[in-house]
Amino acid sequence: MAKRVYEVWKGSNKFILGGRLIFGPDARSLIVTLLLIIVPVVIFCVFVARHLRHEFSPYNAGYAILVVAIVFTIYVLILLFLTSARDPGVIPRNSHPPEEEFRYDSSTSVEIGGRQTPSVQFPRTKEVMVNGIPVRVKYCDTCMLYRPPRCSHCSICNNCVERFDHHCPWVGQCIGLRNYRYFFMFVSSATLLCIYVFAMSAVYIKILMDDYQSTVWRAMKESPASVILMAYCFISLWFVAGLTGFHLYLIGTNQTTYENFRYRAENRINVYNLGCFHNFFEVFCTEVKPSKNNFRAFVQEEVPRPPLPSTREAEPEETGGDPRPKVEDDLEIGEDLLKISQRRNIEEIDEDIRSRGSNGPPHNTSEVDSVHSSDHRAPTIRSDTRHSSWGRRSGSWEIAPEVLANSNVTESRSYATPKESRQ
C-alpha cells in the first residue's frame, strides 16, 4: 500500500489529522503556552470582569469588558494556532545531490580496485544575485540542496526553512517565511491582552476603593485575584512587549533574528532592506506563498538512478565504441590462442612418436586421445576468463593474465604426457 509524504517524512516534525497539521518536535510545549494564556483569562472573567458588568450602567457597558476579554483571547489563540500548526516554509529535500554541480578532479584520484578513479569535487558554496548584489549561499548536506538566500537549516526540526527567523519553543514550531506574520501578530496581540487585563484589574481595584472608602491595601484584600493578575501581566509584559519591540525593529530594517545575531558584528550590507515602509508592506500586505510540500500526497517511487560516471566508463563513450563487442572479441582471441598452443603441443607429440617409430615400445593412444579431448574441453575456460582491456585508450587488444595463465597450465599438462609415456 502506498504511503503518504507525511508518513515517510525525514524531518523531526509531528503530524496530526492525516498530515493536515504540522508541528515541531517540541509541540508539547504548546500546552504550556495555552495554559499561560487561558488560565489568567478565566480568572479575570470569573473574579474581575463578572463584577464589572453592572458598574457601568449606561447601555450595560460592563458586559463589553467581559465580551472583549473572551473575543480577544480567542483571537490570540487563533493566531497561535496559525503560527504553530502550519508549514513555516520548509524546503523539500532532494533524494540525491544536484549532479550539475559535480566536478571531477583527476589530480586527486582515489585508488579503487587497483585502478585510479577521480575524486568528486563538490562546491560547498555558490553565489546568487540579490538586488544586484552577489550573495553566497551554502550547500546543506542533510537536505542535499543549495539553500536559497535567507534560508537556514533548523537543527531542532531538521529541515531547511525559507527566511528562517528562529525556532520558538513557546509555539513549538520554526518561524519562517510562511508564519512570521502570524507569529508577530500573536506576540503583539498577547501584549495587548496583557495590557487589557492589567488595566481592567486596576480599574476594579479603584472601584473597590471608592465603594468601601478605603485605602488600596483594603481593596487589594477584597480582590486578591486582581492583584495576582496585575503581577502576572506586569511580569509577562517584560517578555512579550520586549519581543514585540524587537521584532518591530527587525521588520523595519528587514532582518531576521538569525541574521541579526549572526552577522551583527560583521557590519554586512543588508541587501534585503527596501526602506521602512516597503519592509512593513512586505511582511503584512503581501500574499503568503503556498507551501512547497503536499504532505498528504502519495509517495512516488523514484526511478533508480545510474551510478556516477567514472573514467573507465567515460572513455568508451569518448571513442564512440560499444564495450560489449570488445569484451567478446578479447575472449574469442584468448580461446583461439589457447587452441593454437594446444594444437602445437599435439603436433610435437605426434612427431616424437613417429621419430621413435619401432625403436620404442608401443604407446597407448589413449594418452594422445586425452590430449585431443582436452582440446574439445578448452571452451569451458571461457567462464573463468571474463576479463578484458575494456576502457584502454591505446585501442590495442590485450589478453587478460588469467587467460595466458590457463594456457600455460594447459601446456605443462600437455608436455607431461610424453614423459609419462617414456616411463
Side-chain angles (χ1 to χ4, degrees), residues 10-13 22 24-25 82-84 86-94 97-98 101 122-188 243-293:
K10 294 182 179 180
S12 304
N13 304 89
I22 174 175
L82 292 175
T83 303
S84 61
R86 68 182 300 157
D87 179 7
V90 176
I91 299 179
R93 300 188 182 196
N94 288 334
E101 303 293 340
F122 197 79
R124 308 302 302 173
T125 61
K126 68 177 183 179
E127 290 187 349
V128 297
M129 300 300 294
V130 177
N131 297 329
I133 300 176
V135 176
R136 182 174 295 179
V137 295
K138 296 181 179 180
Y139 177 77
C140 179
D141 293 312
T142 303
C143 300
M144 290 186 288
L145 52 83
Y146 283 99
R147 302 168 187 162
R150 314 192 83 176
C151 173
S152 183
H153 190 89
C154 177
S155 59
I156 299 176
C157 292
N158 197 23
N159 295 314
C160 278
V161 181
E162 287 187 281
R163 200 185 183 277
F164 177 77
D165 190 88
H166 68 288
H167 184 93
C168 181
W170 297 103
V171 301
Q173 182 64 284
C174 284
I175 308 301
L177 178 67
R178 300 188 67 251
N179 64 349
Y180 180 78
R181 176 187 306 176
Y182 303 109
F183 170 77
F184 177 80
M185 295 174 65
F186 162 70
V187 174
S188 58
L243 196 59
T244 301
F246 176 67
H247 280 279
L248 282 173
Y249 162 75
L250 293 179
I251 295 173
T253 56
N254 205 333
Q255 298 183 67
T256 64
T257 304
Y258 179 81
E259 293 169 349
N260 181 266
F261 280 90
R262 184 179 181 111
Y263 306 122
R264 180 188 303 172
E266 298 182 10
N267 295 324
R268 290 190 177 186
I269 299 176
N270 188 2
V271 300
Y272 309 104
N273 191 356
L274 305 175
C276 185
F277 175 77
H278 293 286
N279 292 337
F280 274 90
F281 184 86
E282 182 182 42
V283 173
F284 296 106
C285 301
T286 55
E287 183 181 359
V288 178
K289 294 182 179 180
S291 175
K292 295 183 178 180
N293 302 278

### Query
For the residue pair E127 and P134, what are the closest heavy atoms and their distance?
OE1-CB, 3.8 Å
### Message
My understanding is that only one of P88, C174, S155 makes a side chain to side chain contact (heavy atoms under 4.5 Å, CB included) with H167; could you say which?
### Response
C174
### Task
Using atom types as modelled and distance alone, determine if a side-chain donor or acceptor of N179 lies under 3.5 Å from a backbone N or O of T83.
yes
### Query
For L250, does its backbone N or O pair with a side-chain atom of N260 as donor and acceptor, under 3.5 Å?
no
### All side chain to side chain donor-acceptor pair (under 3.5 Å) counterparts of S152, not counting sequence neighbours
none
### Which residues share a side chain to side chain contact (heavy atoms under 4.5 Å, CB included) with V271, sequence neighbours left out
V130, I133, V135
## Note on the structure
N13 meets the side chain to side chain contact (heavy atoms under 4.5 Å, CB included) criterion, sequence neighbours left out, with W9, F15, I22, C157, N159, Q173
#### Entry: Gap between atom OG of S291 and atom CZ of R86 - 0.5 Å precision
8.5 Å
### Query
Hey, are the side chains of P148 and I91 touching, using non-hydrogen atoms and a 4.5 Å cut-off?
yes
### Message
Using the side chain to side chain donor-acceptor pair (under 3.5 Å) criterion, which residues pair with S12? Sequence neighbours excluded.
### Response
none
### Query
Which atom pair, heavy atoms only, marks the closest approach of C285 to R181?
N-NH2, 4.1 Å
### Task
For residues 136-149, pull every pair meeting salt bridge (Lys or Arg N to Asp or Glu O under 4.0 Å), keeping only residues two or more places apart or in separate chains.
R124-D141
### Query
Can you name the side chain to side chain contact (heavy atoms under 4.5 Å, CB included) partners of T256, sequence neighbours left out?
R150, R163, D165, Y258, E259
### L274 side chain near F281 side chain, heavy-atom distance below 4.5 Å
no
### Task
Report yes or no: does R178 contribute a side-chain atom to a donor-acceptor pair with the main-chain N or O of K289 at less than 3.5 Å?
yes
### Query
Rounded to the nearest 0.5 Å, how far does SG of C160 lie from OH of Y146?
13.0 Å
#### Entry: Those residues that, when tested against T253, pass side chain to side chain donor-acceptor pair (under 3.5 Å) (two or more places apart)
Q255
### Stepwise side chain to side chain contact (heavy atoms under 4.5 Å, CB included) check, F186 with L82
CA-CA 9 Å; F186 162 70; L82 292 175; over 6 Å; no
### Task
Please report the closest heavy-atom contact between N279 and G252, naming both atoms and the distance.
ND2-O, 2.8 Å
### Query
What pairs with F284 under ring pair (Phe, Tyr, Trp, His ring centres under 6.0 Å), at least two apart in sequence or on another chain?
F184
### Query
salt bridge (Lys or Arg N to Asp or Glu O under 4.0 Å) with K292: which residues, sequence neighbours excluded?
E162
### Summary
Closest non-hydrogen atoms of P92 and N293, given as atom of the first, atom of the second and distance, are CG-OD1, 3.3 Å
### Task
Could you walk me through whether K10 and T142 pass the side chain to side chain contact (heavy atoms under 4.5 Å, CB included) test, one step at a time?
CA-CA 10 Å; K10 294 182 179 180; T142 303; over 6 Å; no
### Task
State, yes or no, whether a side-chain contact exists between H153 and N158 at a heavy-atom distance under 4.5 Å.
yes
### Query
Where do P123 and Y139 come nearest, in terms of heavy atoms and distance?
O-CB, 4.3 Å
### Query
What residue pairs, at least two apart or across chains, pass salt bridge (Lys or Arg N to Asp or Glu O under 4.0 Å) with a residue in residues 244-256?
none
#### Entry: Partner residues of N270 under the side chain to side chain donor-acceptor pair (under 3.5 Å) criterion, sequence neighbours left out
none
### Task
Could you tell me which residues satisfy ring pair (Phe, Tyr, Trp, His ring centres under 6.0 Å) with F183, sequence neighbours excluded, listed by chain and number?
H166, H247
